[in-house]
Amino acid sequence: MSDISPYSGSTIQEGLSPNHLKKAKLMFFYTRYPSSNMLKIFFSDVKFNRCITSQLIKWFSNFREFYYIQMEKFARQAINEGVTSSEELAVGRDAELFRALNMHYNKANDFEVPERFLEVAQVTLREFFNAIVAGKDADPSWKKAIYKVICKLDSEVPEVFKSPNCLQELLHD
DNA sequence: GCCATACCTG
DNA sequence: CAGGTATGGC
């Protein structure tokens, strides 16, 4: 059965749908630390309650976990491969790191990832690289310092994301 | 106690 | 990603 309603432009979702998840992942390319208020604005077609809010916050928390795990993985890999300076690390669209991230948040690869995300990813990778080289990882909470840096690099999420039907506009064939 | 967030697991 | 646990603030 299709869930298309005759009032498709004003349907209020009782819960989060697969499309909401897809949209959240694309939003991650702009913001790693969205506030609950921001989420309410960008998911205006969702009827919020404590659980929905928690679930959305949880999604981004999971997104960040994957993101940082990849960063640490590639940073250590670079070190093992003999890289001596973070300056040598660049994250372009052809980088393995980017391909791993893109595969996770933009699996169909039908969304044009903003350049700014590549920059933030590069900063994050270098941050991990330098911390590990400096032996900071001996401290159980060494990643906290990095998180504090990265959380300041969130970008404005494009206005189009505020539309409940933005996926059709954002994804090209 | 309740709720939020951090860390870990499957 | 969802669940469960531990923890800290109110």
Side-chain angles (χ1 to χ4, degrees), chain A residues 3 11-77 79 91 95-114 117-118 120-121 123-158 161-168 170-171:
Chain A
D3 61 349
T11 300
I12 299 301
Q13 300 293 311
E14 283 295 336
L16 294 168
S17 68
N19 275 339
H20 286 131
L21 172 58
K22 189 165 187 175
K23 173 175 174 176
K25 289 185 174 181
L26 296 185
M27 283 179 64
F28 186 76
F29 283 123
Y30 299 90
T31 175
R32 269 60 62 187
Y33 295 86
S35 66
S36 58
N37 286 320
M38 202 182 302
L39 295 175
K40 288 173 183 173
I41 292 174
F42 286 92
F43 291 89
S44 61
D45 58 332
V46 177
K47 186 184 301 178
F48 277 75
N49 57 46
R50 208 174 290 101
C51 293
I52 296 298
T53 302
S54 294
Q55 188 179 0
L56 259 175
I57 292 294
K58 179 66 175 177
W59 280 0
F60 279 85
S61 175
N62 283 326
F63 296 164
R64 287 193 297 275
E65 284 190 1
F66 179 81
Y67 177 83
Y68 287 125
I69 286 174
Q70 296 306 306
M71 292 298 166
E72 181 175 1
K73 173 184 169 185
F74 280 85
R76 291 186 185 287
Q77 184 176 303
I79 293 173
V91 179
E96 284 183 59
L97 171 57
F98 176 70
R99 297 201 296 109
L101 296 172
N102 191 55
M103 178 66 86
H104 193 72
Y105 311 113
N106 178 33
K107 189 139 179 21
N109 192 39
D110 49 8
F111 175 73
E112 187 180 314
V113 179
F117 178 76
L118 281 296
V120 175
V123 170
T124 311
L125 178 62
R126 291 182 171 181
E127 205 70 34
F128 267 87
F129 178 93
N130 290 325
I132 297 172
V133 169
K136 302 280 186 56
D137 58 336
D139 179 337
S141 59
W142 65 290
K143 296 178 184 176
K144 295 291 181 60
I146 296 177
Y147 299 161
K148 190 171 182 178
V149 171
I150 306 307
C151 73
K152 298 180 185 303
L153 304 182
D154 273 12
S155 308
E156 287 261 314
V157 178
F161 277 85
K162 292 181 180 177
S163 166
N165 307 306
C166 68
L167 285 183
Q168 283 60 56
L170 294 169
L171 309 180

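Chain A is the first sequence line, chain B the second, and so forth, proteins listed ahead of strands; every chain is numbered from 1.
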Chemist: Does B:dC3 have its OP1 or OP2 closer than 4.0 Å to a side-chain nitrogen or oxygen of A:Lys58?
Modeler: no

Chemist: Between B:dA4 atom P and A:Asn37 atom CG, what is the distance in whole Å?
Modeler: 13 Å

Chemist: Hey, is A:Arg76 close enough to A:Asp137 for a salt bridge, meaning N to O under 4.0 Å?
Modeler: yes

Chemist: Indicate, with a heavy-atom threshold strictly under 4.0 Å, whether A:Gln55 touches base, sugar-phosphate, or nothing.
Modeler: sugar-phosphate

Chemist: Take atom CH2 of A:Trp59 and atom C1' of C:dA2, then tell me their distance rounded to the nearest Å.
Modeler: 11 Å

Chemist: Rounded off to whole Å, could you give me the CD-to-C1' distance for the A:Glu72 and B:dC7 pair?
Modeler: 14 Å

Chemist: Under 6.0 Å from the CD atom of A:Glu96, do we count more than 12 heavy atoms belonging to anything else shown?
Modeler: no

Chemist: Whole-Å distance between B:dA6 P and A:Tyr147 OH?
Modeler: 10 Å

Chemist: Return the nearest nucleotide to the side chain of A:Arg64; candidates are B:dA6, B:dC7, C:dC1.
Modeler: B:dA6

Chemist: Grab the CD1-P distance between A:Ile69 and B:dC7 for me, whole Å please.
Modeler: 12 Å

Chemist: Do A:Phe117 and A:Phe29 pass the ring pair (Phe, Tyr, Trp, His ring centres under 6.0 Å) test, and can you show the C-alpha distance, the side-chain angles, and the key distance before you say yes or no?
Modeler: CA-CA 6 Å; A:Phe117 178 76; A:Phe29 283 123; 4.9 Å; yes

Chemist: Assign A:Phe63 to base, sugar-phosphate, or nothing according to its heavy-atom contacts below 4.0 angstrom with the strands shown.
Modeler: sugar-phosphate

Chemist: Base, sugar-phosphate, or nothing for A:Lys143, non-hydrogen atoms under 4.0 angstrom?
Modeler: nothing

Chemist: Please assess A:Asp139 against A:Ser141 for the test side-chain hydrogen bond (donor to acceptor under 3.5 Å, both in side chains), listing each intermediate value before the final yes or no.
Modeler: CA-CA 5 Å; A:Asp139 179 337; A:Ser141 59; 3.1 Å; yes

Chemist: Return the value, rounded to whole Å, for the distance between atom CG of A:Asn62 and atom P of B:dC8.
Modeler: 14 Å

Chemist: What integer distance in Å separates A:Ile57:CD1 from B:dC3:P?
Modeler: 16 Å

Chemist: I need the CG-C1' distance between A:Leu21 and C:dA2, as an integer number of Å.
Modeler: 12 Å

